[in-house]
Peer 1: 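Got a structure for you, written out below as structure tokens; questions coming shortly.
Chain letters run A, B, ... following the sequence lines, proteins first and then strands; every chain starts at 1. We use all heavy atoms of the structure for the numbers below, so side chains are in, but hydrogens, waters and symmetry mates are not.
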Number of protein chains: 4
Amino acid sequence: MGIEERKEREKEQRRQQIINAAERVFAAKGFSGATIENIAEEAELSPATLYLYFKNKDELYASLNLKMLKVLVEKIEDVRNRKNLSPAKKIRALENALYDVYEHDPMNVINVLRFQSSEELKNLSPELANQIKDDARKYLRAIAGIFEDGVQIGSFLDRHPVAFADIVWGLFAGLVLWEHTKKGFDPRKDFLRPTLGFAIEIISRGIKKNGRLNIDN
Amino acid sequence: MGIEERKEREKEQRRQQIINAAERVFAAKGFSGATIENIAEEAELSPATLYLYFKNKDELYASLNLKMLKVLVEKIEDVRNRKNLSPAKKIRALENALYDVYEHDPMNVINVLRFQSSEELKNLSPELANQIKDDARKYLRAIAGIFEDGVQIGSFLDRHPVAFADIVWGLFAGLVLWEHTKKGFDPRKDFLRPTLGFAIEIISRGIKKNGRLNIDN
Amino acid sequence: MGIEERKEREKEQRRQQIINAAERVFAAKGFSGATIENIAEEAELSPATLYLYFKNKDELYASLNLKMLKVLVEKIEDVRNRKNLSPAKKIRALENALYDVYEHDPMNVINVLRFQSSEELKNLSPELANQIKDDARKYLRAIAGIFEDGVQIGSFLDRHPVAFADIVWGLFAGLVLWEHTKKGFDPRKDFLRPTLGFAIEIISRGIKKNGRLNIDN
Amino acid sequence: MGIEERKEREKEQRRQQIINAAERVFAAKGFSGATIENIAEEAELSPATLYLYFKNKDELYASLNLKMLKVLVEKIEDVRNRKNLSPAKKIRALENALYDVYEHDPMNVINVLRFQSSEELKNLSPELANQIKDDARKYLRAIAGIFEDGVQIGSFLDRHPVAFADIVWGLFAGLVLWEHTKKGFDPRKDFLRPTLGFAIEIISRGIKKNGRLNIDN
DNA sequence: GATGAATGAGTATTCATTCAT
DNA sequence: AATGAATGAATACTCATTCAT
């Protein structure tokens, strides 16, 4: 039994070894630019071995997605569950959660965002595609959940929480891609943090239903 | 001289013919999916001919970008120059300008956004890359300009107008990509319009420096 | 007009150049053993060029088939149309026709026979598959035609001519493959000619309806 | 000694288990279509295990040949040894023997015939190649033997019996492949039986040295 | 100016086979 | 004896790009 466990663990380690290599290579070269051979080399394995762990290039790529999405959902839900925070403070915490994920692996966030909005999802195995769809719904719901309380207690504008979630997520994705573009022009600067912070500040103010325009952070 | 002019005009027409074909094909198949042959076929020309007008596939693609960016900049500057509008109303008009561009050719907006934030810019000729950078700066400045007045007369939060512009542009880009992703899950629905509207509403409220939280649209 | 004709001719020549190379390579290595690169090399062209003239490996192979089948059908129909020959003599002439085709390019006859009876036909484009089916029916009918007269005038056994045709064709195919097997064991000897001759002699005798067992060759 | 014997027996059983699986898989997918993994799966063993019993894929395939050839030789020799049958009747019995083998496993007869006449024999180990050659000679001799008596007692045409054997075997092989081709065109029909019957009838008549053309079946 | 024809360079994927355990 | 895991080597096919005409 111990042996089986160890084997299982080793197998999982190999998967991670490949995923990590893939992360580095995809981040550096993008989806089309990265070749299976590149990734295999980075993982110090043969290309054929990769196919023992992933059905094809698409699924390997998608599994990176999945990994990031899972982390993201977890972080967002953590924020939501911090019972002692006011809705407004949770939004600030949400900002941090989003930024944390970005900071941890900026290139992959960028890749993942690009992948999600692409036609390339079509080649995935149904299971994997569904898992990604599910996780995408999950983080939408998680963000929406954060706004829900504020709406319910009447301190936020009276709109569907998913609309808030769409905006926050869209804002995050857009700023990440946009700042990345600008960084392409001048790679030394990274303004995402302050820009995201300002954006969330604006939103925090903008969604207040009543009261004066004094920010509460 | 008349002859040269005519030739010049004809040459420009051919360029447009190719760009239009490329727009349709890229929109339908994405960058990697579209082949030069596809585009040539759509343009009713031979593949070799395309290379008389564009140095390579990347530059052809980039020129679509440029075309859209020019339209965009123009529209935004139009908004800015409407002297009789209050800053707050200009922001609402900006929302319409952005949406107009999207509505006119959604797939290309999506492609262009994706292209801009990608590594693929690296293959461009320096001139073209610079032109794109310039135009990107231009529309950033244009958006910023709209906020500038509001900041100066003290009705908007006291931040650098480019920060506002980043946020608006990032929001637009993010929502386009994000809604497109969701449409991938359920292609019948297009929530971009109302979501974008709500987002601009929030921002309009959020950036007001003083005064009560009554929207001014 | 002359130019177009020349181009057409040149194009046809390229096709032949490829087909000839393919014939040599397939003959030497069989279908699975031969690679597109081998054939391209033999044709002194690049692999990519082959794909300008043939959709894929299967179709290239199939077109060799087609070429041989056409020659075969022609020869058999020639025999049938020799109005001054008695049915019995036509069968002898048929034997020669079959052997001629084999002698001209034994390896390809062998390959073609093997291909026809294989699953690999399934990958063909419908048009090509149909053309092959049609030609196969044609040579069956052609052989059958030779027997038909003898059956009608009552000098051959009273069976459906297609049955005779099946037997002659099966015999030919079987002996070709079988002798080839034996040659594999001892490549210097080629007994096909006498064995085929004896077989046709037996059949000629065996299908006579009445009369003594004196052969009529 | 008893233990060794048992081990030997078990080993032989494993071999059979693999051969049986291989038969099913090769029959269903052909030689190139079948993978070692397919066969291993069917045999409920791991691919690596197959290599304990067979040197490589070719040898495994060849051993199917061998199995079928052994059955065939046995059946033919049984026919030859039925002392109470006239030569002519033996030929009819030979027809049944051939058809029996085909009927028992048509796809494998087809595969084996194709294999035998191919270049693929070249990869075999010398021992196996020799065994196949030997068995091929054996069934040729066996068939020849059936004709030999008829030749000796002067009732058949005065030719070398191997020539008769070649013809019968070639006819069988050719009809099997040819009918299989036609079945490819219309998979519901199987004319092998009647066609083979008619062919043997013709041969029976055709090889009679003297006497009238009355069939003796 | 336009293009038909040719190709170099690239790449995902497969599979028979090996070998440490 | 059995096998899970690993891989070397192979190969059909694609496509952006070039260039003689």
Peer 1: Taking all non-hydrogen atoms of both residues, which atom of B/Pro47 and which atom of B/Ile36 are closest, and how far apart?
Peer 2: CB-CG2, 4.1 Å

Peer 1: Between atom CG in D/Leu45 and atom C1' in F/dT3, what is the gap in whole Å?
Peer 2: 10 Å

Peer 1: Applying a 4.0 Å non-hydrogen cut-off, can you work out what C/Tyr53 is touching in the nucleic acid: base, sugar-phosphate, or nothing?
Peer 2: sugar-phosphate

Peer 1: For a side chain to side chain contact (heavy atoms under 4.5 Å, CB included) check, start with the C-alpha distance between A/Gln17 and A/Leu45, then their side-chain angles and the critical distance, and finish with the verdict.
Peer 2: CA-CA 10 Å; A/Gln17 173 185 359; A/Leu45 290 169; 4.0 Å; yes

Peer 1: Just by protein heavy atoms under 4.0 Å, how would nucleotides 13-21 of chain F read 5' to 3' in B, S and -?
Peer 2: BBBSBBB--

Peer 1: I need the NZ-C1' distance between D/Lys7 and F/dA1, as an integer number of Å.
Peer 2: 8 Å

Peer 1: Tell me, what's DNA chain E's dot-bracket, Watson-Crick or G-U with both distances under 3.5 Å, | for other-strand, [ ] crossing?
Peer 2: .||||||||||||||||||||

Peer 1: With side chain to side chain contact (heavy atoms under 4.5 Å, CB included) as the criterion, how do B/Gln131 and B/Leu66 come out once you've worked through the C-alpha distance, each side chain's angles and the decisive distance to 0.1 Å?
Peer 2: CA-CA 8 Å; B/Gln131 237 181 320; B/Leu66 223 45; 3.6 Å; yes

Peer 1: Applying the side-chain contact (heavy atoms from CB on, under 4.5 Å) test to B/Ser63, which of B/Ile19, B/Ile132, B/Asp58 qualifies?
Peer 2: B/Ile19

Peer 1: Within the pair A/Thr49 and F/dT7, is there a side-chain N or O less than 4.0 Å away from OP1 or OP2?
Peer 2: yes

Peer 1: Separation of C/Glu59 atom CD from F/dA12 atom P, in whole Å?
Peer 2: 15 Å

Peer 1: Write down the distance between CD (C/Glu41) and P (F/dT11), rounded to a whole number of angstrom.
Peer 2: 12 Å

Peer 1: Which word best sums up how the rings of A/Phe26 and A/Phe31 line up, parallel for under 30°, tilted for 30 to 60°, or perpendicular for over 60°?
Peer 2: parallel

Peer 1: Output the rounded distance in Å from CD (B/Glu8) to P (E/dG1).
Peer 2: 11 Å

Peer 1: Rounded to the nearest Å, what distance is computed from the CZ atom of residue B/Arg15 to the C1' atom of nucleotide E/dG1?
Peer 2: 16 Å

Peer 1: Please determine which of D/Gln13, D/Arg6, D/Arg14 meets the side chain to side chain donor-acceptor pair (under 3.5 Å) test together with D/Glu10.
Peer 2: D/Arg6

Peer 1: Atom CG of A/Leu52 and atom C1' of E/dT14: how far apart are they, to the nearest Å?
Peer 2: 11 Å

Peer 1: Once salt bridge (Lys or Arg N to Asp or Glu O under 4.0 Å) is applied, what residue pairs with a partner in residues 15-28 of chain C remain, sequence neighbours excluded?
Peer 2: C/Glu23-C/Lys67, C/Arg24-C/Glu42

Peer 1: Please report, rounded to the nearest Å, how far the P atom of E/dA16 is from the OH atom of D/Tyr61.
Peer 2: 14 Å

Peer 1: Without swapping roles, check the side chain of D/Glu59 against the backbone of D/Phe54 for a donor-acceptor pair under 3.5 Å.
Peer 2: no

Peer 1: Please check this pair: side chain of B/Lys57 against backbone of B/Ala34, looking for a donor-acceptor N/O pair closer than 3.5 Å.
Peer 2: yes

